[in-house]
Structure formats: structure tokens, C-alpha cells
Amino acid sequence: MVMALVGCGTTKTVPITGRKQNLMVSDGQMLSLSSQQYSEYMKTAKPSTNAANTAMVKRVGQRLATAVENYLRTNGMAEDVQYYKWQFNLVQDQNVNAWCMPGGLICVFEGLLPVTKDEPSLAIVLGHEIAHAVARHSAEQYSTQYRQQYGLQIGSAVATAMGAGSNTVALGQSVVSKGLGLANLKYSRSHESEADHLGLIFAAMAGYDPQVAVGFWQRMAAASSHKTSEFFSSHPSDETRIRQIQGWMPEALKYYKASGTSGSNKYSKNTSSPSTIKATKTLHISSKKK
């Protein structure tokens with residue numbers, strides 16, 4: 001019975017990379033949990049008073065979101081769009097950081113903007129964060145926690161109850177209560193690498209030059225030497241990250257050329273040749289490394 005429980009779940013495919021993942025929690029359940037947490041966070045956060053920067057974050061974020069949704073609709077994943085409730089907020093915090101909850105609920109700290117410097121580089125960051133949502137990394141982490149913490153302890157009654165879906169919600173609440181809140185969830189290096197890969201392409205789809213990513217990550221590397229950033233807690237080395245981004249650049253440039261500088265977002269599966277290589281073991285955003 002335990003084996004049956006641990007082996008069940010829904011199989012999903014990550015866009016662009018084609019990686020398969022087995023999830024124990026649905027998109028709807030993750031969105032419900034994240035919406036509640038995000039709302040609670042924003043009640044205590046201090047929104048930025050800089051109107052121009054706030055407008056920039058929202059503008060760049062929405063442009064990326066539109067490009068991503070267009071891609072999903074064009075490539076047979078239109079049903080996924082209903083689970084995105086995009087929000088892009090800039091808050092008063094001088095840490096070099098940004099994060100995204102399931103459903104596209106994103107927060108950017110003011111301390112990140114001196115490093116991004118311009119809209120295309122901000123698009124690289126927001127593309128990375130959006131990628132975490134699109135690739136369902138939180139749901140994947142939750143599923144891993146479920147198997148690790150509960151897999152050997154679940155009896156037949158609980159396994160049967162899972163069919164109604166209520167236990168997956170309880171699972172999320174339990175994991176959160178153990179200190180793994182969505183906003184603080186640390187992704188694996190392979191997830192960070194995948195988010196860099198997808199984020200680079202999402203920025204290109206939205207009409208932002210992906211080549212700015214190298215300079216941005218070099219600035220992030222320099223910032224990490226003197227300023228703490230939560231963004232980099234479990235990521236690959238700066239050198240590895242930049243090397244990987246350079247390797248993905250030819251693929252990203254195909255999307256960039258297809259989108260045009262106006263960000264018209266017209267592409268299909270045949271617009272370029274998306275890589276089917278699985279995420280490598282590196283990446284994430286932040287200035288301190290473990």
C-alpha cells in the first residue's frame with residue numbers, strides 16, 4: 001500500500017525542457033495555498049514609494065506573463081493559464097532578492113534594482129522567477145517532502161482518502177507549518193538551473209535581448225562578495241551559471257528573433273528548436289552560497 005501511495009500522482013511536462021515530473025498536489029491546490037500566503041505577506045510588507053520603479057516592475061512582469069501565456073496557448077497548454085494570477089510587487093527591502101509563489105505571485109526587493117540597472121536585466125530576473133511557477137517547482141518540492149516525510153507512515157485509510165484530494169491540501173499546510181513556507185522555499189540546484197534556462201527564453205519571447213543575462217549575472221557575482229542576498233542560498237557557482245547561460249544563448253536568440261523587438265510574441269513549436277536536455281545541477285538568484 002505504501003508503494004502504491006508513493007508511486008501515485010499526476011505526471012506533468014515542463015515547457016521548453018520537456019522534463020517529466022510526478023506531482024502529488026494539483027495546480028489549483030498550490031494556487032490556493034500561495035494566494036493566502038502572498039496576501040498575508042503583502043499585509044506586512046512595505047510597498048515601494050518609488051512610482052517609476054514600481055511601474056517598471058509591473059510593466060516588465062506583465063509583458064513576460066503575456067508572452068508566457070501566449071506560448072502556452074500556442075503549444076497545447078492553454079488549460080494551465082487558468083492557474084496563473086499574476087502579481088508583481090516592489091517592496092521596501094534592501095536585500096538583493098526576488099521570489100515567486102505558485103500562480104505567478106511575485107515580489108521584488110528594491111535592493112535588487114541597483115544590480116539589474118535596466119529593464120532587460122530586470123526581465124532576466126522576473127523570467128527566472130516566473131519559470132519557477134511555470135515549471136511547478138514548488139509543487140515538485142512539496143511532492144518530494146510528502147514522499148520523504150510521510151511516505152512510509154501513511155496507512156491504507158489515508159491512501160484511500162487521497163483520492164478525494166483533501167490530503168494534498170493538508171500536506172501543503174503541514175509542510176508550511178514545518179518552516180517550508182512558499183516564500184522561503186529553497187529550490188534544488190537543478191531547479192535553479194532549469195529556472196535560468198526557462199527564464200532566459202521567456203525574456204527573449206517577450207522581446208528582451210537575452211544577451212544582457214551574462215552582464216547581469218556578472219554584476220550579481222560582484223554584489224555577492226559584499227552584500228548578503230537570500231536569492232543565492234542554494235544555487236550553482238557564478239561561473240557555472242554564466243557558462244550554462246552562454247550555452248543556452250543560441251536557443252534563446254531564436255525566440256528573440258521570432259518575437260521581434262516589439263515583443264509581438266508570435267511563436268509556435270516550430271519557431272525554434274527547444275532543447276530537450278534536462279536541467280543540470282546548478283543555479284538560482286542570491287548573493288550568498290552554501
Side-chain angles (χ1 to χ4, degrees), residues 1-38 65 68-69 71-86 100-105 129-178 180-183 185-195 197-199 201-202 269 274-279:
M1 180 58 70
V2 170
M3 291 299 292
L5 175 63
V6 174
C8 70
T10 302
T11 299
K12 296 287 187 177
T13 301
V14 178
I16 308 296
T17 68
R19 183 174 65 84
K20 302 294 183 182
Q21 51 190 181
N22 186 267
L23 306 177
M24 308 291 287
V25 60
S26 72
D27 292 336
Q29 290 163 340
M30 291 302 295
L31 177 59
S32 178
L33 286 169
S34 64
S35 294
Q36 179 180 356
Q37 283 198 17
Y38 191 80
V68 168
E69 289 191 358
Y71 176 83
L72 295 175
R73 289 190 177 100
T74 302
N75 290 280
M77 294 171 277
E79 64 178 27
D80 293 347
V81 174
Q82 65 182 304
Y83 298 111
Y84 298 116
K85 305 298 179 184
W86 306 106
C100 177
M101 289 186 182
L105 307 177
E129 295 306 323
I130 286 173
H132 280 309
V134 173
R136 299 180 176 87
H137 287 160
S138 290
E140 201 165 1
Q141 291 284 356
Y142 268 39
S143 298
T144 297
Q145 288 293 319
Y146 185 90
R147 295 183 179 94
Q148 291 177 346
Q149 296 182 25
Y150 303 105
L152 298 178
Q153 302 174 25
I154 301 297
S156 59
V158 175
T160 301
M162 270 198 68
S166 60
N167 266 352
T168 51
V169 176
L171 160 65
Q173 295 171 340
S174 176
V175 173
V176 169
S177 70
K178 291 178 181 298
L180 291 174
L182 295 175
L185 191 62
K186 303 304 182 185
Y187 300 111
S188 66
R189 286 189 175 183
S190 62
H191 282 170
E192 292 303 333
S193 180
E194 188 169 59
H197 184 181
L198 296 180
I201 290 174
F202 292 162
K269 289 183 178 179
S275 170
T276 58
I277 299 176
K278 294 185 177 181

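Applying the 6.0 Å contact sphere to CD of Gln82 captures more than 12 heavy atoms from other residues, nucleotides or ligands.
When atom types are taken as modelled, the side chain of Ser193 and the backbone of Arg189 share no donor-acceptor pair closer than 3.5 angstrom. Of the possible donor and acceptor atoms, one in the side chain of Ser143 sits under 3.5 Å from a partner among the backbone N and O of Ala139.
Tyr142 OH to Met30 CE: the interatomic distance, rounded to the nearest 0.5 Å, is 5.0 Å. A distance of 11.0 Å separates CD1 of Ile130 from CG of Leu198, quoted to the nearest 0.5 Å. Here Glu79 contributes atom CD and Leu72 contributes atom CG; the two are 10.5 Å apart, rounded to the nearest 0.5 Å. The structure places OG1 of Thr10 at 10.5 Å from CD of Gln21, a figure rounded to the nearest 0.5 Å.
Taking the six-membered ring for Trp and thresholds of 30 and 60 degrees, His137 and His191 have nearly parallel ring planes, at less than 30 degrees apart.
What you find for Lys85 and Leu105 is that their closest heavy atoms are O-CD2, 3.0 Å. Closest non-hydrogen pair, Phe202 versus Ala131, comes out as CE1-CA, 3.8 Å.
Considering only heavy atoms from C-beta on, Val68 stays 4.5 Å or farther from Tyr84 through its side chain. Inter-residue side-chain proximity for Ile16 and Tyr71 is flagged as met; some heavy-atom pair is nearer than 4.5 Å. In this structure, Leu33 and Val25 have side chains that are not in contact, with every pair of non-hydrogen atoms separated by 4.5 Å or more. In this structure, the side chains of Pro15 and Val134 come closer than 4.5 Å at one or more pairs of heavy atoms.
Listed by first and then second residue, the salt bridge (charged side-chain N to carboxylate O under 4.0 Å, His left out) pairs that reach into residues 132-144 are Arg19-Glu140, Asp27-Arg136, Asp80-Arg136, sequence neighbours excluded.
Test Ser138, Cys100, Pro102 against Ser34 for side chain to side chain contact (heavy atoms under 4.5 Å, CB included) and you get one pass: Pro102.
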